[in-house]
Engineer: 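Below are the structure tokens for one structure; questions will follow.
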Amino acid sequence: MSDETWGEEDEHAIAERIDKAHADNPRLTAWLAEQQGRFEEWERRHGGGWDFSERSLDRLEARIREHFTSVDDLLAGEHTPLAQVACWYLGEVHNRLRGTQWRMDPDPADTHPWSERPYVIVPFDRINNYRDEEGIDYDARPQHAPLSSFMNLLRSPVDRAGMLAGAPSLRAELDDYEPNA
């Protein structure tokens with residue numbers, strides 16, 4: 001958006017308008033409904049007992065590593081039910097345990113592939129609980145795009161015992177939501 005489009009709006013009003021557009025739009029509604037509709041079959045195929053707990057994120061990590069060997073492999077399978085429902089599940093764990101909410105750009109930019117993907121973020125009414133230490137971004141609420149989380153896992157080495165060698169984990173992301181204001 002150019003400054004001309006924003007007119008007299010202040011940063012807060014702009015951030016709120018963008019948040020509302022990303023929170024309530026047909027693209028997001030359709031994606032959420034599709035993944036929720038696929039979940040029962042996905043759960044059955046992947047061992048059942050998926051309870052949206054913090055502990056279940058360890059299982060989810062294992063499934064992602066089991067089915068995708070690299071970031072390229074994940075991106076090639078990004079639009080499969082396996083990957084999409086896994087993304088939905090991860091976001092739902094964040095929502096249920098940390099109070100985040102789903103967002104998706106209603107009008108993604110062709111030049112920005114991440115604008116096509118869903119993410120979870122702290123609700124807008126908590127925007128003042130987060131500050132950008134460098135003072136660059138007005139909206140410093142933590143957010144996570146599940147596909148990006150999976151890419152980070154696949155970039156991390158695993159040692160001989162199958163343990164992550166100092167790598168980020170899906171569980172560790174839950175700590176990102178602690179307010180800093």
Side-chain angles (χ1 to χ4, degrees), residues 19-20 22-25 27-71 73-75 77-106 113-127 129-130 139-158 162-180:
D19 188 77
K20 284 181 181 177
H22 284 218
D24 185 19
N25 65 74
R27 286 187 71 240
L28 177 59
T29 301
W31 185 83
L32 290 171
E34 182 177 13
Q35 304 330 310
Q36 190 170 16
R38 291 173 168 174
F39 179 65
E40 188 176 318
E41 173 64 17
W42 183 93
E43 180 180 34
R44 187 185 61 71
R45 286 181 165 223
H46 298 285
W50 293 90
D51 61 2
F52 300 94
S53 68
E54 187 171 331
R55 176 182 284 155
S56 72
L57 295 180
D58 298 337
R59 286 180 65 201
L60 187 59
E61 280 189 35
R63 290 296 181 273
I64 294 301
R65 288 183 179 281
E66 176 184 331
H67 292 281
F68 300 104
T69 58
S70 67
V71 169
D73 189 29
L74 175 64
L75 291 174
E78 174 183 357
H79 298 291
T80 64
L82 170 63
Q84 290 296 295
V85 176
C87 284
W88 174 82
Y89 183 85
L90 177 57
E92 284 298 306
V93 171
H94 284 235
N95 292 348
R96 294 170 191 209
L97 298 181
R98 295 299 187 264
T100 58
Q101 299 171 340
W102 281 109
R103 299 291 189 266
M104 184 184 279
D105 193 330
W114 282 101
S115 69
E116 297 176 6
R117 297 175 173 114
Y119 61 97
V120 293
I121 191 167
V122 172
F124 191 79
D125 63 4
R126 292 174 24 208
I127 192 170
N129 294 345
Y130 302 92
D139 185 351
R141 294 173 294 159
Q143 63 180 330
H144 286 281
L147 188 71
S148 180
S149 300
F150 297 154
M151 292 169 69
N152 288 338
L153 286 177
L154 295 171
R155 288 185 184 114
S156 303
V158 177
M163 303 300 292
L164 296 176
S169 71
L170 297 180
R171 274 197 204 209
E173 289 183 345
L174 294 173
D175 297 336
D176 293 346
Y177 300 110
E178 292 299 319
N180 62 2

Engineer: With heavy-atom distances below 4.5 Å as the criterion, would you say the side chains of L153 and F68 are in contact?
Structural biologist: no
Engineer: Quick check: do T100 and I121 have side-chain heavy atoms less than 4.5 Å from each other?
Structural biologist: no
Engineer: Is it true that Q143 and R141 share a donor-acceptor pair across their side chains at a distance under 3.5 Å?
Structural biologist: no
Engineer: Are E40 and R44 within salt-bridge range, i.e. N to O under 4.0 Å?
Structural biologist: no
Engineer: Is N25 reaching over with its side chain to a backbone N or O of M104, donor-acceptor style, under 3.5 angstrom?
Structural biologist: yes
Engineer: So how far is it from Q84 CD to L147 CG, rounded to the nearest 0.5 Å?
Structural biologist: 7.5 Å
Engineer: Between F150 and A83, what is the shortest heavy-atom contact and its length?
Structural biologist: CE1-O, 4.4 Å
Engineer: Given 3.5 Å as the limit, does a donor-acceptor pair link the side chain of R27 with the main chain of P118, or not?
Structural biologist: no
Engineer: To the nearest 0.5 Å, what is the distance between CD1 (I64) and CG (N152)?
Structural biologist: 12.5 Å
Engineer: Is there a donor-acceptor contact under 3.5 Å from the side chain of Y89 to the main chain of F52?
Structural biologist: yes
Engineer: Any side-chain heavy atom of L170 within less than 4.5 Å of one from L60?
Structural biologist: yes
Engineer: Quick one, L82 and R45 - any side-chain contact, counting heavy atoms below 4.5 Å?
Structural biologist: no
Engineer: List the atom of R126, the atom of R98, and the distance in Å for their closest heavy-atom pair.
Structural biologist: NH2-O, 3.8 Å
Engineer: To the closest 0.5 Å, what do you measure between CZ (R103) and CG (D24)?
Structural biologist: 9.5 Å
Engineer: Heavy atoms only: give me the nearest H22-P106 pair and the separation to one decimal.
Structural biologist: CD2-CD, 3.6 Å
Engineer: Taking the side chain as every heavy atom from C-beta outward, state whether F124 and Q101 have any pair of such atoms under 4.5 Å apart.
Structural biologist: no
Engineer: Shortest non-hydrogen contact from D176 to P142?
Structural biologist: O-CG, 3.3 Å
Engineer: How about E173 and P146: do any of their side-chain heavy atoms sit closer than 4.5 Å?
Structural biologist: no
Engineer: So how far is it from L97 CG to L57 CG, rounded to the nearest 0.5 Å?
Structural biologist: 7.5 Å
Engineer: Whether the W42 and Q35 side chains hold a donor-acceptor pair (N or O, under 3.5 Å, no angle test) is what I'd like checked.
Structural biologist: no
Engineer: Report the relative orientation of the aromatic rings in F39 and W88; use parallel for angles under 30°, tilted for 30 to 60°, perpendicular for over 60°.
Structural biologist: tilted
Engineer: In sequence, state the C-alpha distance, the side-chain angles, and the governing distance for H67 and D73, and then conclude on side-chain contact (heavy atoms from CB on, under 4.5 Å).
Structural biologist: CA-CA 9 Å; H67 292 281; D73 189 29; over 6 Å; no
Engineer: Decide yes or no on side-chain contact (heavy atoms from CB on, under 4.5 Å) for H46 and E66, but give the supporting numbers first.
Structural biologist: CA-CA 11 Å; H46 298 285; E66 176 184 331; over 6 Å; no
Engineer: Over all heavy atoms of both residues, which pair between Y177 and L174 is shortest? Give the atoms and the distance, please.
Structural biologist: CD1-O, 3.5 Å
Engineer: Enter the distance from S156:OG to E61:CD here, rounded to the nearest 0.5 Å.
Structural biologist: 9.0 Å
Engineer: Taking atom OH of Y119 and atom NE2 of H94, what is their separation to the nearest 0.5 Å?
Structural biologist: 15.0 Å
Engineer: Can you tell if the side chain of E116 reaches within under 4.5 Å of the side chain of D105, non-hydrogen atoms only?
Structural biologist: no
Engineer: Would you name the heavy atoms of S53 and S56 that are closest together and state the gap between them?
Structural biologist: O-OG, 2.6 Å
